[in-house]
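Reviewing the structure listed below.
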Amino acid sequence: MPKINLKALSKTEMKEFVKAQGLPDYRARQILHWIYGKRAESIEDITELSKSLRQKLSHAAYIGNLELMSRQTSKDGTEKFLFGLEDGESIESVLIPDEDRLTLCISSQVGCAMACGFCLTGTIGFKRNLQAHEIVDQIITVMRIRSQGITNIVLMGMGEPLLNFTGVVEAIHRITELMGFSKMRITLSTCGIAPKIIELYQKAPHINLAISLNAATDDVRNRIMPINKKYPIKVLIDACRKIPLSPRQKITFEYVMIDGINDMPEDARRLIGLLKGIPSKVNLIPFNPYEGSKFQRPSNDKVLAFQKILIDGNITSFIRKSKGQDILAACGQLKARYKT
Ligand code: SAH
């Protein structure tokens with residue numbers, strides 16, 4: 001029988017495993033605490049268990065770990081981690097320090113099927129969904145090698161999280177229940193899989209949602225985000241209106257600004273119209289270039305003018321600082337080891 005990876009087990013599965021080993025229930029809690037709280041890398045590390053028990057468990061199971069294949073640091077302090085998975089695939093995570101925050105941006109899939117025209121990950125194509133433990137292990141591994149605590153988690157790395165719905169919901173469950181992270185410090189970013197947005201709020205209420213809107217008309221959005229043909233802007237915005245937000249919660253709308261494509265003053269005015277009545281804020285992300293990309297970043301003046309129109313229209317709006325560009329760690333620049 002192949003050995004069981006204890007990190008791959010849900011809470012219920014861990015209880016079953018412990019029972020099958022002829023052990024009492026509390027051992028499940030103990031092992032989970034050592035994996036998620038103490039970040040044990042092997043069964044041998046769980047020193048709370050007797051040596052003989054550790055040996056016994058090691059015959060049936062092991063603790064799998066992501067393989068840290070490289071770690072790069074940007075001149076602005078952003079770090080990019082390349083992780084190898086058990087089947088030889090690879091993913092990236094990005095750690096972003098910003099004043100009193102330390103945000104870890106994690107991946108949900110190997111590659112991505114969405115093929116957004118401005119995103120480097122999209123050019124890899126889709127390889128596979130990450131399993132819940134491969135999503136969570138990005139956090140565990142970075143916490144193990146960095147002493148400073150992570151304050152925020154964003155599901156904004158490689159992949160479309162809502163197309164790996166089961167894996168992502170289970171990962172959120174483990175991050176909150178087993179690692180003790182507040183849901184309010186987790187943000188999931190989606191290209192807009194409308195039906196799944198509503199379902200997410202039933203399965204993982206209170207987490208923050210970011211929607212990659214990136215255009216204010218279907219014409220432009222169809223051109224840069226093929227998913228818009230399936231879930232056009234109206235369908236997407238209607239889904240957002242149905243989300244039962246908590247009193248001070250807002251939906252973030254991300255808007256990648258691409259020179260000459262979606263950065264005109266009338267785009268800003270249309271955006272104000274679209275978001276009317278939704279508790280929201282807009283994150284403007286000036287396009288991050290990469291080798292072979294066909295788009296350009298607009299001038300700072302254009303970005304500021306766009307932001308001013310939004311603010312004058314009573315829409316809270318921020319310009320996202322582009323971090324880690326020199327190591328291809330900024331939004332839309334993750335490609336792991338894949339050739340594009
Ligand atoms: N699939 C998810 C999460 C990954 S993309 C989503 O679509 O939201 C994370 C964010 O990076 C999205 O808002 C996306 O629009 C943005 N992005 C992608 N490529 C970019 C680029 N080249 N420059 C700036 N932002 C980009």
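As the structure lists them, so they are numbered: ligands from 1, and atoms in each ligand from 1.
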Rounded at 0.5 Å granularity, tell me how far CD in Q72 sits from CZ in F81.
10.5 Å
Under 4.0 Å from any heavy atom of I285, which atoms of ligand 1 are there?
24 (C), 25 (N)
Pull out every atom of ligand 1 sitting under 4.0 Å from any heavy atom of N214, numbered as shown with elements.
15 (O)
Do side-chain atoms of T176 reach the backbone of I172 as a donor and acceptor pair under 3.5 angstrom?
yes
N/O to N/O below 3.5 Å, does that happen between N288 and ligand 1?
yes
So S299 and D301, side-chain hydrogen bond (donor to acceptor under 3.5 Å, both in side chains) or not? Walk me through it.
CA-CA 5 Å; S299 68; D301 285 351; 5.4 Å; no
Atom pair CG/NZ of N164 and K196 - distance to nearest 0.5 Å:
10.5 Å
What residue and atom, counting heavy atoms only, is the protein's closest point to atom 16 (C) of ligand 1, and at what distance?
V256 CG2, 3.8 Å
Looking only at distances, please establish whether an N/O atom of ligand 1 is found under 3.5 Å from an N/O atom of F118.
yes
State the NZ-CG distance between K276 and N314, to the nearest 0.5 angstrom.
9.0 Å
Should the pair Y255 and F306 be assigned to parallel (<30°), tilted (30 to 60°) or perpendicular (>60°) ring geometry?
tilted
For ligand 1, which atoms, with element, lie under 4.0 Å from some heavy atom of G159?
1 (N), 2 (C), 3 (C), 4 (C)
Give the residue and atom name of whichever protein heavy atom lies nearest to atom 11 (O) of ligand 1, and the separation in Å to one decimal.
C331 CB, 3.4 Å
Just to confirm my output: which protein heavy-atom neighbour is closest to atom 2 (C) of ligand 1, and how far is it?
S189 O, 3.2 Å
If you scan protein heavy atoms around atom 19 (N) of ligand 1, the nearest is G332 CA, 3.0 Å
Would you say G157 has any N or O atom under 3.5 Å from an N or O of ligand 1, going by distance alone?
no
Roughly how far apart are Y201 OH and L245 CG, rounded to 0.5 Å?
6.0 Å
Please state which protein non-hydrogen atom is closest to atom 13 (O) of ligand 1 and give its distance, to 0.1 Å?
S212 OG, 2.8 Å
Within ligand 1, which atoms have a heavy atom of C191 less than 4.0 Å away?
6 (C), 7 (O), 8 (O)
Please check if the side chain of Q109 supplies one atom and the backbone of E160 the other of a donor-acceptor pair under 3.5 Å.
yes
Can you figure out which of E254, M156, Q333 has its heavy atom closest to atom 5 (S) of ligand 1?
M156
Flag if over 12 foreign heavy atoms under 6.0 Å of NE2, H206:
no
